[in-house]
Participant: 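Once you've had a glance at the structure underneath, I'll fire off some questions.
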Amino acid sequence: MSDKKQSNQKGSGKKQKTAIQPTRLENYAEWYQQVVRAAEMAETSDVRGCMVIKPWGYAVWENIQQGLDGMFKATGHRNAYFPLFIPLSYLEKEAEHVEGFAKECAVVTHHRLEPDGEGGLQPAGALEEPLVVRPTSETIIGSTFAKWIESWRDLPLLINQWANVVRWEMRTRLFLRTAEFLWQEGHTAHATEEEAMEETLKMLEVYREFATEWLAMPVITGEKTEGERFPGAVNTFCIEGMMQDRKALQAGTSHFLGQNFSRAQDITFADRDTNIQHAWTTSWGVSTRLIGGLIMTHGDDDGMVMPPKVAPAHLVILPVLHKEETREQVLAYCERLAAELRSCRYGEAPVRVELDARDLRGGEKSWQWIKRGIPLRVEVGPRDMEQDAVFVARRDRPHSEKASIGRGEFIEGIDSLLEEIQVGMLHRAREHRDDHVRVIDTEQEFYDFFDKGSEGGGGFAMTHFCGSTELEDRIKKDLAVTVRCVPTRGQGLPGQDEAGTCPFTGEPSATRVVWAKSY
RNA sequence: CAGGGCGUAGCUCAGCUUGGUAGAGCGGCGGUUUUGGGAACCGCAGGUCGCAGGUUCAAAUCCUGUCGCCCUGACCA
């Protein structure tokens, strides 16, 4: 957020200083919307609360899917698919679960349309039992698990599903909160409590690693307090990132469900001693919200900045084609360059290359790619071709900073250049996060930290906490600040593992918790 | 669901108070001139003014109803 603003001089100054207006400092929420649009990642649809994910945004999701899916498979999970529709009675089985989701369920009540006599259509054929469009699939998957699981030999059962879900939200924001969103939900069943808890934490660690290594998004892992827990869960764990406005984003959750759902849905197995037992279950998920987190972690006042690992394309080749005489040669040179680069690898994956030969003015074209956040822009004109060189600009550097590099050298170094950008983005984000984590030991300091200037101050406050729900409610009411998590020990957060006393009540506290405003 | 605001061209909006031939900028298309940088000029296309009633010789404009969207709250991945 500290990027300098070039002031535009009067007279000559018709130049816009940034591609996105307002800037992050001027109006963060509006900046976010503008980036989503300018980067062509998504747009609002004609359907209230639902978004259209555009190709450039969907490609990010595909890369996220690919990365995570590999990690799920590597930890023994298999993909399956369960119905979009959940019988109403299934949701009713787990009391807390019903209560948690009842207010945001879309319900299907009819199965036919017929003419209404005025040229329109009306629903007909009422269903005997209404169907709920899944807000999450614990119940329908649980009921299936009940059939699949008979013996301890059937456990653990490790299933994941990639799907869409619907939660009828009042207020929506692209990627961060939409009525329909895409996600993955893992559901597992285990013979013992220990094993289920181990699974819960293992998947939390998978999320932490993915967020860090792929999204270049530093996250804190931890456990939710009672008030923030998933409906029906015994424990909810999460990864929390800090956005550039210093608000927290819950980027993924992993739930230890105990035997709550297995009791409600009769998921039982015969153990080694032939006793019938209830299985221990878990569920865990991340959603297209990660893309919102990506934008708010890395985007700048010129638009999106994509971490190479999940960028739809790693680089774009922009041929300089205005001279008719050299046009064909330049284009041929660029196509050869593209082919050579595509045969290179970045990590496990082939280098993803775009060649943009559209008949647009160079500046406009260039800015489109800047706004989309492509990691590298490679300009190639007659002059470069003569020297067998390319003109390279990095998205993580100011847009005017470009350098000529020999073609061979560039191709050879592409893997390490992309990795340098990826790692640099993580460092930068981590620095920003660390700069705004504060250890706080008095109530006064706590209130000042979050109070001063509604936008300017704040961040993550680390305090001791007695665990009182009433206290948490009071602070939420006063400051719109909540406990984001009780952090997992040993993450190197400042002062986190010391024992102390709650600054609000004076009660003893074993560990510090993370407080923040959140999305 | 409560409070506030807004529905006019693909987009952003003016016009409405004081009723009288539907506007601008951007974008799109075509052309000319440009070209290592978010270009300029000329021309063209594009709207039953959210929808339904009402008042009136006449409604984008006034009245009633209705639908939708946005913002602020409560709720949430």
Side-chain angles (χ1 to χ4, degrees), chain A residues 8 14-21 27 29-30 33-34 37-38 43-50 99-105 118 134-136 163-173 175-185 207 224 227-231 236 238-241 248-255 283-293 302-303 318-324 326-327 330 359-371 377-385 389-393 399-400 402 404 454 473 476-477 480 482 484 518-519:
Chain A
N8 51 351
K14 276 174 215 140
K15 260 187 233 151
Q16 298 174 312
K17 37 189 195 285
T18 58
I20 304 297
Q21 283 172 328
N27 184 346
E30 179 62 21
Q33 307 279 9
Q34 294 300 327
R37 238 178 62 175
E43 59 192 40
T44 54
S45 71
D46 294 341
V47 186
R48 173 201 166 88
C50 296
E99 207 185 314
F101 286 105
K103 279 174 287 185
E104 49 194 43
C105 285
E118 293 166 18
R134 64 177 161 225
T136 179
N164 58 335
V165 285
V166 168
R167 295 181 189 176
W168 211 262
E169 299 289 351
M170 282 303 164
R171 287 196 51 213
T172 58
R173 297 180 71 183
F175 289 121
L176 296 174
R177 182 171 303 110
T178 46
E180 179 190 14
F181 56 94
L182 306 183
W183 78 347
Q184 121 324 276
E185 48 182 324
Y207 288 155
K224 287 295 187 191
E228 302 271 323
R229 205 174 282 155
F230 176 76
T236 287
C238 61
I239 54 172
E240 295 278 333
L249 181 79
Q250 177 175 307
T253 49
S254 184
H255 314 291
S283 69
W284 27 273
V286 299
S287 71
T288 36
R289 173 178 251 204
L290 285 178
I291 298 173
D302 287 326
L318 301 164
V320 180
L321 295 172
H322 19 256
K323 292 197 184 64
E324 270 312 315
T326 53
R327 193 189 159 85
V330 169
D359 183 21
L360 279 181
R361 289 190 54 77
E364 192 185 343
K365 207 194 271 189
S366 208
W367 277 101
Q368 280 184 9
W369 290 103
I370 291 173
K371 286 184 278 194
R377 304 188 303 285
V378 179
E379 297 167 5
V380 178
R383 296 211 288 268
D384 308 294
M385 199 172 66
V390 295
F391 212 57
V392 179
H399 64 259
S400 51
K402 304 180 206 176
S404 183
S454 45
D473 285 347
K476 184 174 181 180
K477 226 178 139 197
T482 51
R484 298 322 304 154
S518 71
Y519 280 96

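Atom set for the values below is all heavy atoms of this structure, side chains included, hydrogens, waters and symmetry mates excluded. For clarity, every value in this text was computed on a predicted model and none was experimentally measured. Below, read A as the first sequence line, B as the second, and so on, with proteins coming before strands; counting in each chain starts at 1.
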Participant: Check side chain to side chain donor-acceptor pair (under 3.5 Å) between A:T288 and all other residues, then give those that pass, not counting sequence neighbours.
Facilitator: none
Participant: Provide the distance between the two C1' atoms, one in B:G15 and one in B:G36, to the nearest whole Å.
Facilitator: 45 Å
Participant: Could you state the CZ-P distance from A:R377 to B:G36, rounded to the nearest angstrom?
Facilitator: 16 Å
Participant: Any side-chain N or O of A:K477 under 4.0 Å from OP1/OP2 of B:G73?
Facilitator: no
Participant: Any side-chain N or O of A:R361 under 4.0 Å from OP1/OP2 of B:U35?
Facilitator: no
Participant: When you compare B:U8 with B:A24, how far apart are their C1' atoms, in angstrom units rounded to a whole number?
Facilitator: 12 Å
Participant: Of the nucleotides B:G36, B:G38, B:A77, which one has an atom closest to the side chain of A:E169?
Facilitator: B:A77
Participant: What about the rings of A:F101 and A:F230, do their centers lie closer together than 6.0 Å?
Facilitator: yes
Participant: Using the six-membered ring for Trp and the full ring for Phe, Tyr or His, decide whether A:F181 stacks on the six-membered base ring of B:A77 (centres under 5.5 Å, planes under 30°).
Facilitator: yes
Participant: With A:F391, which of A:V380, A:L318, A:D384 fulfils side chain to side chain contact (heavy atoms under 4.5 Å, CB included)?
Facilitator: A:D384
Participant: What does B:U18 pair with, Watson-Crick or G-U, if both distances are under 3.5 Å?
Facilitator: none
Participant: With rounding to whole Å, what would you report as the distance between B:G50 and B:A22 at their P atoms?
Facilitator: 15 Å
Participant: Using the C1' atom as the point on both nucleotides, what is the distance between B:U33 and B:U18, in whole Å?
Facilitator: 48 Å
Participant: Using the P atoms only, state how far B:A60 lies from B:G53, rounded to an integer number of Å.
Facilitator: 14 Å
Participant: Quick one: look up who B:A2 pairs with, Watson-Crick or G-U, both distances under 3.5 Å, and put none if it's unpaired.
Facilitator: B:U72
Participant: Take atom CZ of A:R173 and atom P of B:G73, then tell me their distance rounded to the nearest Å.
Facilitator: 11 Å
Participant: Between B:U34 and B:C70, how many Å separate the two P atoms, rounded to a whole number?
Facilitator: 47 Å
Participant: Roughly, in whole Å, what's the span from CH2 in A:W369 to P in B:G36?
Facilitator: 22 Å
Participant: Which residues pass the side chain to side chain donor-acceptor pair (under 3.5 Å) test with A:E30, not counting sequence neighbours?
Facilitator: A:Q34
Participant: Using a 4.0 Å heavy-atom cut-off to protein, can you give one letter per nucleotide of nucleotides 25-33 of chain B, 5' to 3': B if the base is in contact, S if only the sugar-phosphate is, - if neither?
Facilitator: ---------
Participant: Distance check needed: B:U35 C1' versus A:D359 CG, whole Å only.
Facilitator: 11 Å
Participant: Measure from NZ on A:K103 to P on B:A74 and round the result to the nearest Å.
Facilitator: 13 Å
Participant: Nearest of B:A77, B:C75, B:G38 to any side-chain atom of A:D302?
Facilitator: B:G38
Participant: Using atom CG of A:L318 as one end and atom C1' of B:G38 as the other, report the distance to the nearest whole Å.
Facilitator: 13 Å
Participant: Under 4.5 Å between any side-chain heavy atoms of A:R229 and A:H255, yes or no?
Facilitator: no
Participant: Considering Watson-Crick and G-U wobble pairs with both distances under 3.5 Å, what does B:A58 pair with?
Facilitator: none
Participant: Is A:P382 touching bases, backbone alone, or none of the nucleic acid, heavy atoms closer than 4.0 Å?
Facilitator: base
Participant: Starting the side chain at C-beta, find the nucleotide from B:A77, B:C11, B:G36 nearest to A:T178.
Facilitator: B:A77
Participant: Could you give the distance separating B:G10 and B:G5 at their P atoms, to the nearest angstrom?
Facilitator: 28 Å
Participant: Need the pair for B:U12. Rule: Watson-Crick or G-U wobble, both distances under 3.5 Å, any strand; none if unpaired.
Facilitator: B:A24
Participant: Looking at every strand, decide which applies to A:G381 at a 4.0 Å heavy-atom threshold: base, sugar-phosphate, or nothing.
Facilitator: base
Participant: To the nearest angstrom, how far is A:K476 atom NZ from B:G73 atom P?
Facilitator: 13 Å
Participant: Can you find a pair of side-chain heavy atoms, one from A:R173 and one from A:T178, that are under 4.5 Å apart?
Facilitator: no
Participant: Taking only residues two or more places apart in sequence, or in another chain, which ones meet A:R383 in a side-chain contact (heavy atoms from CB on, under 4.5 Å)?
Facilitator: none
Participant: Using the P atom as the point on both nucleotides, what is the distance between B:U12 and B:C69, in whole Å?
Facilitator: 15 Å
Participant: Going by the rule side chain to side chain donor-acceptor pair (under 3.5 Å), which residues pair with A:N27 if we only count those two or more places apart in sequence or in a different chain?
Facilitator: none
Participant: Measuring from the side chain of A:K371 (C-beta onward, heavy atoms only), which nucleotide among B:G38, B:G36, B:C75 has the closest atom?
Facilitator: B:G38
Participant: Across the strands shown, which category fits A:K365 at heavy-atom distances under 4.0 angstrom: base, sugar-phosphate, nothing?
Facilitator: nothing
Participant: If you assign each of A:R383 and A:A251 to its closest nucleotide in RNA chain B, which residue comes earlier from the 5' end?
Facilitator: A:R383
Participant: Which nucleotide, if any, forms a Watson-Crick or G-U wobble pair with B:G30, using both distances under 3.5 Å?
Facilitator: B:C42
Participant: Taking pairing as Watson-Crick or G-U wobble with both contacts under 3.5 Å, can you name the mate of B:C51, or confirm there isn't one?
Facilitator: B:G65
Participant: Between A:T172 and A:E228, which has a closest nucleotide on RNA chain B that is more 5'?
Facilitator: A:T172
Participant: At under 4.0 Å between heavy atoms, what does A:S287 touch on the DNA or RNA strands: base, sugar-phosphate, or nothing?
Facilitator: base
Participant: Tell me the interatomic distance from A:Q33, atom CD, to B:C69, atom C1', rounded to whole angstroms.
Facilitator: 13 Å
Participant: Just jot down the side chain to side chain donor-acceptor pair (under 3.5 Å) partners of A:W183, sequence neighbours excluded, or say none.
Facilitator: A:E185
Participant: For A:L176, report the nucleic acid contact type (base, sugar-phosphate, nothing); a contact means any heavy atom under 4.0 Å.
Facilitator: base
Participant: Report yes if the side chains of A:F181 and A:R167 come closer than 4.5 Å at any heavy-atom pair, otherwise no.
Facilitator: yes
